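To start, the structure itself, in structure tokens.
The shown structure was predicted, so the numbers you read here are calculated from the model rather than taken from an experiment. Note on naming: letters A, B, ... go to the chains in the order of the sequence lines (proteins, then strands), and numbering restarts at 1 for each one.
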There are 2 protein chains.
Amino acid sequence: MSASEGSPPTMREVAAHAGVSVMTVSRALHDDPRVSPRTRARVLAAAEELSYRRNELARSLRLGRPSGMLGLVVTNLANPFYSQLALGVETLAAARGMKVVLSNTGDDVERERQIVSDLAAWRVEGMIVVPAGRDQSHLDSPQLNGIPVVLAARPPADIAVDCVLLDDYGGAKEATARLLASGHQRIGFLSPPAVWNSAERLRGFRSVMEAAGIDLDERFVRCEQRDVTAAERTAQELLALTNSPSAFFCANSRNAIGAYRAARGTNQDIALSCFDDFELADMLGLSLSVVSYDPAAIGRESARLLLSRIDAASNSKDGLPPRRIVLPTTVVDYGPEADGRKGCPAGASAPSWRRSATRPGTP
Amino acid sequence: MSASEGSPPTMREVAAHAGVSVMTVSRALHDDPRVSPRTRARVLAAAEELSYRRNELARSLRLGRPSGMLGLVVTNLANPFYSQLALGVETLAAARGMKVVLSNTGDDVERERQIVSDLAAWRVEGMIVVPAGRDQSHLDSPQLNGIPVVLAARPPADIAVDCVLLDDYGGAKEATARLLASGHQRIGFLSPPAVWNSAERLRGFRSVMEAAGIDLDERFVRCEQRDVTAAERTAQELLALTNSPSAFFCANSRNAIGAYRAARGTNQDIALSCFDDFELADMLGLSLSVVSYDPAAIGRESARLLLSRIDAASNSKDGLPPRRIVLPTTVVDYGPEADGRKGCPAGASAPSWRRSATRPGTP
DNA sequence: TTGTAAGCGTTATCAC
DNA sequence: GTGATAACGCTTACAA
């Protein structure tokens with residue numbers, strides 16, 4: 001027999017049911033040794049019967065503790081990059097018995113400000129934020145009464161907080177270098193509108209081109225493509241130029257796939273290099289290098305930093321300076337097998353996380 | 001000048017700072033008209049100066065309201081299916097000013113039980129759960145003291161709760177029918193180990209085969225492939241049989257991509273039909289039909305049902321029977337263009353959600 | 001217009 | 001061993 005619907009039972013009801021005081025119930029549920037085995041049994045039975053569960057809200061209020069919650073604020077959960085990041089955060093939080101409150105900003109700074117304020121009002125113990133813009137004043141420590149913040153995937157702008165970044169610059173340099181090593185000189189750059197990551201990737205690209213003494217044709221730098229279709233159109237434009245690019249470096253896989261589609265439409269032999277490993281990358285039938293990395297690791301590292309801040313705060317050992325962790329990238333070459341067959345079996349040369357169960361589709 | 005670190009200020013501190021009573025602060029922050037403009041101003045100034053934020057935990061405790069939170073429990077957030085579902089939930093929750101507490105079970109029922117109990121202890125107002133197994137007793141209403149539950153993507157087993165499902169059966173039937181219409185009779189079925197969804201898809205497949213009077217070769221039914229590599233291996237095995245399949249129906253895109261890889265390795269002309277639309281589906285150079293759908297819609301519908309339950313509970317209009325919503329699927333044909341070029345431009349014939357910003361990769 | 005008292009569900013402290 | 005009392009931060013009800 002269990003509770004008959006309605007609002008959750010309180011300690012008072014359990015106490016009444018067991019014929020003891022509230023305090024005894026509290027103690028029994030805490031395995032306090034001072035309560036006699038007999039009463040403890042009675043209390044537990046009553047609690048069981050009512051499906052009683054301690055109200056953690058009330059508990060944490062009384063204890064003065066915060067909430068046992070972490071806030072996680074991302075820009076677009078539909079993007080696997082952020083959902084894998086979220087999984088990384090959840091994993092570490094769960095291991096510490098903490099809950100994760102998830103919000104999506106859609107890259108809207110105003111919404112971000114609102115959400116962050118909300119999370120603070122709910123007394124989360126800390127937040128991991130993928131900041132939407134350069135206005136980050138609302139993420140600063142005094143604003144938040146000392147609730148620690150870690151920025152993920154994008155760096156702080158004028159605020160003193162920890163952050164975990166990807167080596168966008170280094171990855172872009174290495175990927176560009178591969179194209180140069182294959183003899184390409186006229187290289188197009190495709191990216192979405194510049195958030196910080198794309199800008200870093202462009203910076204890496206430029207740096208290598210410059211170091212190689214190549215005079216970059218500025219018409220080849222196009223940073224407006226948000227989706228595959230736009231990328232395909234832009235790539236077509238570039239390929240139609242006289243003295244068109246012989247290769248593209250793409251700041252993400254959407255742009256790379258667009259470039260691939262455009263390349264298929266010409267007879268030109270185009271090489272590709274891009275960020276973000278993707279399914280079927282080895283079956284494209286053209287030369288492709290991808291900058292690969294583990295988004296979940298960004299989440300895990302962010303959570304690790306955040307938890308250490310939370311611990312530091314409770315030990316009043318506050319004062320360590322903002323930390324910045326930069327996670328490495330790996331470049332994977334997918335050869336230009338004639339028609340996409342043989343060579344590199346799926347995941348063979350790819351880093352381990354490629355092989356994890358992150359592929360699209362229902363279970 | 002703002003607050004000097006430390007734990008968040010309380011109303012008492014704001015009151016002291018403004019030289020008024022706690023009650024006046026409460027009223028001022030609520031825009032209660034009974035407080036004079038002068039004092040209101042003083043209070044707001046003090047609050048501002050201390051970066052005061054109402055403690056929503058304490059507030060909701062006093063109000064007897066639950067927490068303004070929804071619980072969301074998924075099996076694998078790294079799978080875009082579930083992260084898009086999560087985004088759907090978050091969108092509706094945010095529109096109602098509610099927070100989402102996110103947990104990942106990794107398909108472990110024991111963890112699910114623990115998480116659900118936790119969420120109840122934190123007094124979430126309701127939960128959306130992708131159940132990991134057939135033991136769902138912990139999701140039943142009495143167990144949860146009347147906290148409403150909605151199951152997403154998988155049906156209830158012996159419990160009376162709302163659920164939102166995909167039309168796995170219907171989608172599978174239609175996709176199989178396409179293969180039959182193209183003249184295929186020897187069709188292999190590939191799926192991951194049977195959770196409910198895959199089983200339904202197999203049921204749809206069998207039903208159409210049977211209706212067509214085709215005697216299904218049971219060697220062709222293989223339900224063990226969790227990832228692309230395993231699927232490729234299995235498909236290779238089947239293709240090596242005498243009288244091998246001329247087509248595959250795959251229960252998800254991982255199996256489809258495996259089958260594609262295997263098909264590329266033979267000279268046979270293989271047709272494919274599968275669940276889950278995926279990038280580059282139109283560039284594969286073989287006949288492919290995909291069952292497409294919107295995972296975010298599952299999340300949105302689940303949230304809608306859950307919120308309506310929550311409203312019903314507060315209106316004590318409780319008593320409507322469990323509802324079951326089945327969301328439709330669409331079959332998209334990607335023609336067998338010679339080498340993956342021309343025809344169907346990306347997303348042209350695909351449903352609108354294909355074009356949304358759900359493509360992999362960093363922003 | 002403002003302040004006081006009581007209580008939401010829990011626990012620390014002190015009494016019995 | 002067990003129970004009364006006060007308090008966490010806030011708000012409703014009532015008094016001034």
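Each of Leu61(B) and Pro37(B) lies near DNA chain C, and the nucleotide nearest Pro37(B) is the one positioned closer to the 5' end.
Within the model, atoms NZ of Lys99(A) and OG of Ser67(A) stand 11.0 Å from one another, a figure rounded to the nearest 0.5 Å.
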message: Base contacts versus sugar-phosphate-only contacts with protein, heavy atoms under 4.0 Å: please encode nucleotides 10-16 of chain D as B, S and - from 5' to 3'.
response: BBB----

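For Thr39(A) and dG1(D), the shortest distance from a side-chain N or O to OP1 or OP2 is not below 4.0 Å. For the pair Thr24(B) and dT2(C), the criterion of a side-chain N or O lying under 4.0 Å from OP1 or OP2 is not met. A close approach under 4.0 Å does not occur between any side-chain nitrogen or oxygen of Ser21(A) and OP1 or OP2 of dA4(D).
Remark: side-chain polar atoms of Glu125(B) are not paired, donor with acceptor, to backbone N or O of Pro66(B) under 3.5 angstrom.
Side chain to side chain, Ser60(A) and Arg123(A) fail the donor-acceptor criterion of an N or O pair below 3.5 Å. A donor atom on one side chain and an acceptor atom on the other are found under 3.5 Å apart for Asp118(A) and Gln114(A).
For the pair Arg154(A) and Cys163(A), the tightest heavy-atom approach, listed with the atom from each and the gap, is O-CB, 4.4 Å. Closest approach of His138(B) to Val116(B), counting heavy atoms only: O-CG1, 3.8 Å.
The CG atom of Asp32(A) sits 10 Å away from the C1' atom of dG1(D) (whole-angstrom rounding). In this structure, CZ of Arg42(A) is placed 12 Å from C1' of dG1(D), rounded to the nearest angstrom. Taking atom CG on Leu29(A) and atom C1' on dG9(C), their separation rounds to 13 Å, with Å as the unit.
Within 4.0 Å of Ser60(B), counting heavy atoms only, lies no atom of the nucleic acid at all.
Among the candidates Leu102(B), Ile128(B), Thr105(B), the single residue satisfying the side-chain contact (heavy atoms from CB on, under 4.5 Å) test with Val73(B) is Thr105(B).
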What side-chain donor-acceptor pairs closer than 3.5 Å can you find for residues 87-98 of chain B, not counting sequence neighbours?
from, atom 1, to, atom 2, distance (Å)
Glu90(B), OE2, Asn104(A), N, 3.1
Thr91(B), OG1, Leu87(B), O, 2.7
Arg96(B), NH1, Asp311(B), OD2, 3.2
Arg96(B), NH2, Asp311(B), OD1, 2.9

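Counting only heavy atoms from C-beta outward, the side chains of Met23(B) and Arg27(B) approach each other to under 4.5 Å.
Comparing the helix axis at one end of the helix from dT1(C)-dA16(D) to dC16(C)-dG1(D) with that at the other, each defined from 5 consecutive pairs, gives an inter-axis angle of 50° (nearest 10°).
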